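Only one structure is covered here, and it is reproduced in the block below.
As the structure is a computational prediction, the values presented were derived from the model and not from experiment. Numbers here are sequence positions counted from 1.
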Amino acid sequence: MADQCLFDFLHMEIVSHVYKEQQTSTGEDRAVCVSVLENMGFRVGQGLIERITRDSPSFKDELDIMKFICKFWTKVFRRQVDNLRTNHQGTYVLQDNKFSLLTQLSSGKQYLDQAPKYLAFSCGVVRGALCNLGLESVVTAEVSIMPSCKFCRSPSKH
């Protein structure tokens, strides 16, 4: 439990630092900050999935990879995904009704406009993990009421 609190605090400080740094150097550009945080998360996701899958057999298909990402989610965010859905065309949605990095902010819609900056790192973690498993992806997050969020994985357009 203590390590989760430390991670939550570190995450909030990283977000704060990136936004302050960007604001002082070039004026606040939210897109640049989100990109910096997403790229940090991407590298973390690549490293974590490499360690976790070191002794795992290879995966048969996309669905197997996404099911493994649900297990990965439990290891990273200390909570099981509430729902995994697909449209059977390469798009998958992971739903977490009490996402740990949003629970500190609020329940309800009070800080809804602040949610994207606190989800960028996590989108990067998932995208990095998927990339290391062979799935080039675009990962986005959507929040309609906090702390519930949906992470959407779509195939990369490359």
Out of curiosity, [X] [atom1] to [Y] [atom2], how far, rounded to the nearest 0.5 Å?
{"X": "L94", "Y": "S122", "atom1": "CG", "atom2": "OG", "value": "11.5 Å"}
{"X": "H17", "Y": "C33", "atom1": "NE2", "atom2": "SG", "value": "10.5 Å"}
{"X": "L63", "Y": "K60", "atom1": "CG", "atom2": "NZ", "value": "8.5 Å"}
{"X": "I52", "Y": "L133", "atom1": "CD1", "atom2": "CG", "value": "9.5 Å"}
{"X": "L135", "Y": "S154", "atom1": "CG", "atom2": "OG", "value": "12.0 Å"}
{"X": "L112", "Y": "S144", "atom1": "CG", "atom2": "OG", "value": "7.5 Å"}

Look at the side chain of [X] and the backbone N and O of [Y], then say whether any donor-acceptor pair between them is shorter than 3.5 Å.
{"X": "T86", "Y": "H88", "answer": "yes"}
{"X": "S16", "Y": "M12", "answer": "no"}
{"X": "T74", "Y": "C70", "answer": "yes"}

Within one Ile-Leu-Val-Met-Phe-Trp-Tyr cluster: [X] and [Y], side-chain cutoff 4.5 Å:
{"X": "F68", "Y": "M66", "answer": "yes"}
{"X": "V126", "Y": "F42", "answer": "no"}
{"X": "V138", "Y": "L84", "answer": "no"}

Q | Working for side chain to side chain contact (heavy atoms under 4.5 Å, CB included), residues V125 and F121 | A | CA-CA 6 Å; V125 169; F121 181 83; 3.7 Å; yes
Looking only at heavy atoms, which two atoms of [X] and [Y] are closest? And how far apart?
{"X": "V143", "Y": "M146", "answer": "CG1-CG, 3.8 Å"}
{"X": "Q46", "Y": "G128", "answer": "CG-O, 3.4 Å"}
{"X": "N87", "Y": "Q89", "answer": "OD1-N, 2.8 Å"}
{"X": "G45", "Y": "F72", "answer": "O-CZ, 4.4 Å"}
{"X": "C152", "Y": "T91", "answer": "SG-CG2, 3.7 Å"}
{"X": "D96", "Y": "R79", "answer": "OD1-NE, 2.8 Å"}

| task | Kindly state whether the ring of W73 and the ring of F99 have centres lying under 6.0 angstrom apart. | result | yes
Ring centroid separation F151 to Y92 under 6.0 Å: no
Step by step, work out the side chain to side chain contact (heavy atoms under 4.5 Å, CB included) result for L119 and L102.
CA-CA 8 Å; L119 296 172; L102 292 179; 4.0 Å; yes
Are [X] and [Y] packed together at the side-chain level, in the sense that at least one heavy-atom pair is separated by less than 4.5 angstrom?
{"X": "L130", "Y": "R153", "answer": "yes"}
{"X": "V81", "Y": "Q95", "answer": "no"}
{"X": "V76", "Y": "L48", "answer": "yes"}
{"X": "L37", "Y": "Y118", "answer": "no"}

Hits for side-chain hydrogen bond (donor to acceptor under 3.5 Å, both in side chains) against E38, two or more places apart or cross-chain, chain-then-number order -> R127
### Message
Side chains of D82 and Q80 only: does a donor on one sit below 3.5 Å from an acceptor on the other?
### Response
no
| task | Take N83 and R85, measure what side chain to side chain contact (heavy atoms under 4.5 Å, CB included) needs, and give me the verdict at the end. | result | CA-CA 7 Å; N83 200 343; R85 291 191 178 160; 3.3 Å; yes
